[in-house]
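Everything on this sheet refers to the single structure shown next.
Atoms considered below: every heavy atom in the structure, side chains included; atoms not considered: hydrogens, waters and symmetry mates. Throughout, protein chains are lettered first and strands after them, A, B, ... in sequence-line order, and every chain is numbered starting at 1.
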Number of protein chains: 2
Amino acid sequence: MAEIYDQMNEKTKEKIQSVFLQLLEDRHFNKISVQTIAQAAGINRGTFYLHYLDKYDLLDRMEASLLEGLENHLRQLQPGPLLEEAEKGAISFQAVGVFHYIGQHEEWFRVFLGEHNQSGFHRRLKDFFVRHFLDKIIANPDFFKTATVPADYLSAFATSAFLGLIEQWLDNGLAESPAEMADMYIRIIFFIRNLDGRQ
Amino acid sequence: MAEIYDQMNEKTKEKIQSVFLQLLEDRHFNKISVQTIAQAAGINRGTFYLHYLDKYDLLDRMEASLLEGLENHLRQLQPGPLLEEAEKGAISFQAVGVFHYIGQHEEWFRVFLGEHNQSGFHRRLKDFFVRHFLDKIIANPDFFKTATVPADYLSAFATSAFLGLIEQWLDNGLAESPAEMADMYIRIIFFIRNLDGRQ
DNA sequence: TATACCAATCAACACCGTGTTGAGTGGAAA
DNA sequence: TTTCCACTCAACACGGTGTTGATTGGTATA
């Protein structure tokens with residue numbers, strides 16, 4: 001029954017994280033000191049250092065856990081069935097799930113992609129998508145048969161476009177449903193497929 | 001003949017900027033102090049404050065001057081002629097000029113878009129393009145007749161894609177010529193135009 | 001030639017945030 | 001009762017900040 005210590009530990013960490021997120025909403029990362037975080041969280045400054053190395057460590061771990069959650073959703077997303085469904089005009093249930101996850105963690109994504117963050121989360125998220133997602137599809141020889149644009153540009157183009165979509169969604173205050181977003185995303189994938197052979 | 005003072009002043013500023021750029025190439029912005037900049041530039045720390053408010057001010061002004069240069073190239077870029085030329089299969093001379101400008105300021109763009117910068121230059125550059133460039137084209141009713149995707153998403157999508165292209169170009173060490181890049185860019189614009197009506 | 005000018009220097013300043021320390025508190029577990 | 005442990009608290013040296021006032025040494029002007 002030593003779990004109560006873990007609970008205390010976890011509770012403090014959560015408090016630190018939520019306070020930090022709030023602070024990031026109206027202040028740039030550089031202007032947030034450990035002092036301020038501790039004060040706002042109602043803990044001693046020393047306590048912060050019992051949990052995190054410094055504020056960069058805090059940010060890193062929060063971003064990592066966000067990406068981990070996203071990865072769990074993307075892992076189940078198989079390109080094959082996804083495109084088959086889309087071909088039939090259906091919206092992939094799994095693709096909707098990814099947008100749902102983003103929607104559920106709206107503030108996190110908004111803050112980490114926003115102007116007050118500095119850590120290059122945008123770039124990491126882009127690399128993340130390239131690695132986990134679009135590369136599988138773009139590398140699929142059945143899908144992209146006759147591309148006239150080099151593969152790396154195709155990938156960069158598609159991933160950035162996808163990220164742009166997400167950012168616009170966040171800017172719009174999540175006005176569209178995850179299903180609508182998934183639909184738009186499917187459209188984009190099809191644009192890219194049709195990238196050749198027109199004009 | 002008081003210009004010699006301006007020359008001294010300008011020379012010091014240039015030295016500060018070039019040193020700062022070099023430092024940003026292998027160190028994160030947060031890890032660069034005014035001390036270090038002054039030392040590397042061979043000037044007194046106090047002298048730095050005669051020219052800039054702080055290191056944020058230095059960064060802001062450098063980014064601003066880079067965008068100003070870019071703006072000068074984009075200003076002359078009229079959507080009408082550009083698309084007419086593209087329609088004929090020609091590569092716009094002016095579009096090539098924009099990529100040429102980026103290529104000429106390779107290190108600046110690389111550093112400011114890279115992981116060591118923090119100021120959200122990516123987002124500012126994206127907003128810049130939305131404002132100066134793609135909006136004109138996308139808003140052109142003659143060009144995009146029947147879009148099924150909302151205009152703001154279309155714009156976000158297109159701009160992000162364009163930026164992705166530039167980033168990939170920089171990552172590739174400018175392996176392609178400005179003309180090739182302009183060609184790819186034209187392709188993308190045409191994809192977007194054909195965004196509707198398939199599938 | 002004198003002198004006003006100006007970029008840059010230099011030393012010193014108070015200030016703030018950092019990360020670490022060692023000793024101590026209070027509630028839960030053994 | 002004693003041990004355990006998250007957390008508190010005060011103090012520390014350190015390093016970077018932005019500002020100050022006085023000074024140097026070339027350059028232009030009267």
| Interatomic distance, B/Ile37 CD1 vs D/dG16 C1' [rounded to whole Å] | 12 Å
| In whole angstroms, how far is the P atom of C/dC6 from the CG atom of B/Asn9? | 12 Å
| A/Tyr56 six-ring centre to B/Lys31 NZ/CZ under 6.0 Å and within 45° of normal | yes
| request: Please report the shortest heavy-atom distance between B/Arg110 and B/Asp171, naming the atom on each side. | output: NH1-N, 4.4 Å
| message | Under a 3.5 Å threshold, yes or no: a donor from one side chain and an acceptor from the other, between A/Tyr153 and B/Glu180? | response | no
| query | Between A/Asn44 (CG) and C/dT20 (C1'), how many Å, whole number? | reply | 13 Å
| How long is the line joining CZ of A/Phe48 and P of C/dT20, in whole Å? | 12 Å
| message | Counting primed atoms plus P, OP1 and OP2 as sugar-phosphate and everything else as base, spell out the protein contacts along nucleotides 13-19 of chain C at 4.0 Å heavy-atom distance: B, S or - for each nucleotide, 5' to 3'. | response | ----BBB
| note | Rounded to whole Å, the CD-C1' distance (B/Gln7 to D/dG26) equals 14 Å
| For the ring pair A/Trp169 and A/Phe99, is the centre-to-centre distance below 6.0 Å? | yes
| field | Interatomic distance where CG belongs to B/Leu50 and P belongs to D/dG18 [whole Å] | value | 14 Å
| request: Please check if any side-chain donor atom of B/His122 sits under 3.5 Å from a side-chain acceptor atom of B/Glu167, or the reverse. | output: yes
| Neighbour count >12 (heavy atoms, 6.0 Å) for atom CD, A/Glu25 | yes
| task | Write down the distance between CG (B/Asp57) and C1' (D/dT17), rounded to a whole number of angstrom. | result | 15 Å
| remark: Here the distance between atom C1' of D/dG15 and atom CG of B/Asn30, to the nearest Å, is 15 Å
